[in-house]
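Let me begin by presenting the structure, written as structure tokens, before commenting on it.
If you're wondering where the values come from, they're calculated on a predicted model, not measured in any experiment. Each ligand, and each atom within it, is numbered from 1 in the order the structure gives.
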Amino acid sequence: MSLVKFIEFPALGDSRGSLVVIEGNETVSFDIKRVYYIYGTHAGVSRGFHAHKELKQVAVCIAGKCNMLLDNGAEKSKVLLDSPTKGVLIDDMIWHEMHDFSDDCVLLVLASEHYDESDYIREYDQFREAVKL
Ligand code: T46
């Protein structure tokens with residue numbers, strides 16, 4: 001599977017504006033058990049710097065923009081999240097970092113599991129070791 005998988009969310013627009021629907025097991029490929037969002041990130045701050053052992057997530061900037069680095073251990077790719085209709089899949093065992101948050105950025109994340117700190121790999125060396133074939 002390719003490292004970067006964008007998901008385009010259709011906007012249901014009418015004369016009043018736009019509405020986007022995201023449904024678990026429909027728009028995204030997993031059941032959504034948790035939703036969180038990141039906002040008010042201070043200038044110059046980067047976040048993430050981890051991989052998840054089992055968790056699958058979809059991230060979308062519902063306001064503003066940020067860059068996300070995705071890394072499967074063999075290949076890295078930087079993606080720009082800059083639209084409320086453009087999500088990106090953060091699959092399990094993908095090292096990810098978020099950079100260059102705009103002041104107005106609201107990064108919404110849909111997650112396949114409840115929060116579990118033991119699912120995180122926060123050391124890059126440990127991640128590289130774990131993805132070695
Ligand atoms: C991810 C990227 C995209 C909780 O208590 N429950 C939660 O559901 C989450 C997501 C976080 N937390 C706590 C853990 C830390 O004390 O909130 C604090 C900040 O979390 P963290 O430093 O992991 O934040 P980021 O922005 O580095 O990473 C977050 C998610 O944690 C992570 O799963 O993939 O966003």
Side-chain angles (χ1 to χ4, degrees):
M1 193 174 118
S2 69
L3 174 58
V4 179
K5 183 166 188 280
F6 284 117
I7 302 160
E8 196 59 41
F9 307 123
L12 309 175
D14 60 25
S15 58
R16 297 168 298 173
S18 302
L19 183 155
V20 170
V21 183
I22 304 176
E23 293 189 89
N25 292 317
E26 295 282 344
T27 332
V28 299
S29 60
F30 50 79
D31 196 17
I32 300 166
K33 291 204 182 144
R34 180 166 52 107
V35 174
Y36 60 92
Y37 45 93
I38 294 167
Y39 67 100
T41 306
H42 294 155
V45 169
S46 294
R47 307 188 59 127
F49 299 92
H50 57 252
H52 286 285
K53 295 175 195 164
E54 306 280 345
L55 188 72
K56 294 178 185 300
Q57 303 185 100
V58 168
V60 51
C61 275
I62 56 170
K65 57 187 176 182
C66 71
N67 279 309
M68 187 175 286
L69 177 90
L70 301 171
D71 175 353
N72 61 12
E75 189 193 342
K76 296 181 190 195
S77 189
K78 188 171 90 169
V79 300
L80 174 65
L81 298 177
D82 61 350
S83 165
T85 63
K86 181 170 74 178
V88 70
L89 175 69
I90 310 171
D91 220 333
D92 56 284
M93 294 309 284
I94 297 292
W95 185 266
H96 52 287
E97 303 172 6
M98 294 88 81
H99 301 281
D100 312 317
F101 287 86
S102 62
D103 287 346
D104 59 346
C105 181
V106 181
L107 179 64
L108 177 76
V109 184
L110 313 167
S112 66
E113 301 298 335
H114 295 294
Y115 177 69
D116 175 7
E117 183 58 38
S118 71
D119 186 66
Y120 285 70
I121 301 176
R122 292 189 184 272
E123 297 298 329
Y124 190 72
D125 289 349
Q126 198 187 328
F127 164 72
R128 286 299 303 269
E129 197 56 39
V131 291
K132 243 191 224 166
L133 296 177

*E97 touching ligand 1 at heavy-atom level, < 4.0 angstrom*: no
*asked:* Could you tell me, atom by atom, which parts of ligand 1 come under 4.0 Å of a heavy atom of H96?
replied: 1 (C), 2 (C), 3 (C), 34 (O)
*Report the nearest protein non-hydrogen atom to atom 2 (C) of ligand 1: residue, atom name, distance rounded to 0.1 Å.*
Y36 OH, 3.4 Å
*Give a yes-or-no answer on whether the side chains of D119 and H52 include a donor-acceptor pair shorter than 3.5 Å.*
yes
*Protein heavy atom at shortest distance from atom 23 (O) of ligand 1*: R122 NH2, 3.1 Å
_Could you check whether any heavy atom of M68 sits closer than 4.0 Å to an atom of ligand 1, since that is the contact criterion I want to use?_
no
*Check: L70 main-chain N/O paired with S77 side-chain donor or acceptor under 3.5 Å*: no
*Between atom CD of E54 and atom OG of S112, what is the distance when rounded to the nearest 0.5 Å?*
9.0 Å
*Take every heavy atom of G48, measure it against each atom of ligand 1, and state whether any distance is under 4.0 Å.*
yes
_Using side-chain heavy atoms (C-beta onward) and a distance below 4.5 Å, is C66 in contact with D100?_
no
_Are there over 12 heavy-atom neighbours, none belonging to Y39, within less than 6.0 Å of that residue's OH?_
no
*asked:* Less than 4.0 Å from atom 18 (C) of ligand 1, is there any heavy atom belonging to the protein?
replied: no
*Not counting sequence neighbours, list each pair that qualifies as a side chain to side chain donor-acceptor pair (under 3.5 Å) and has a residue in residues 87-96.*
H50-H96, K56-D91, K56-D92, W95-E97
*Kindly check if the number of other-residue, nucleotide or ligand heavy atoms within 6.0 Å of CZ (F30) is above 12?*
yes
*Just heavy atoms, cut-off under 4.0 Å: does L107 contact ligand 1 by side chain, backbone, both, or neither?*
neither
*Look up atom 33 (O) of ligand 1 and tell me if a protein heavy atom lies less than 4.0 Å from it?*
yes
*Listed by chain and number, what are the side chain to side chain contact (heavy atoms under 4.5 Å, CB included) partners of R128, not counting sequence neighbours?*
Y124
*For H50 and ligand 1, does the shortest N/O to N/O distance drop below 3.5 Å?*
yes
_Where D104 and G64 come nearest, the two heavy atoms and their spacing_ = OD1-CA, 3.3 Å
*For atom 8 (O) of ligand 1, what is the nearest protein heavy atom, given as residue, atom name and distance?*
R34 NH1, 2.5 Å
_Criterion salt bridge (Lys or Arg N to Asp or Glu O under 4.0 Å) against E113, the qualifying member of R34, K53, K33_ = K33
*Does the side chain of L81 come within less than 4.5 Å of V88's, by heavy atoms?*
yes
*asked:* Can you tell me if K86 has over 12 outside heavy atoms packed within less than 6.0 Å of its NZ?
replied: yes
_Subset of ligand 1 atoms that lie under 4.0 Å from at least one heavy atom of H52_ = 1 (C), 32 (C), 33 (O), 34 (O)
*Nearest-neighbour protein heavy atom for atom 20 (O) of ligand 1, which is reported as residue plus atom name and distance*: R47 NH2, 4.4 Å
*Work out whether the distance between some heavy atom of M98 and some atom of ligand 1 is less than 4.0 Å.*
yes
*Decide whether the shortest distance between a heavy atom of Y120 and an atom of ligand 1 is less than 4.0 Å.*
yes
*Might you check, step by step, whether the distance between atom 15 (C) of ligand 1 and some protein heavy atom is under 4.0 Å?*
no
_Interfacing atoms of ligand 1 (cut-off 4.0 Å, heavy-atom, Q57)_ = 1 (C), 33 (O), 34 (O)
*I38: numbered ligand 1 atoms lying under 4.0 Å from its heavy atoms*: 26 (O), 35 (O)
_Distance from atom 7 (C) of ligand 1 to nearest protein heavy atom, with residue and atom_ = Y115 CD1, 3.3 Å
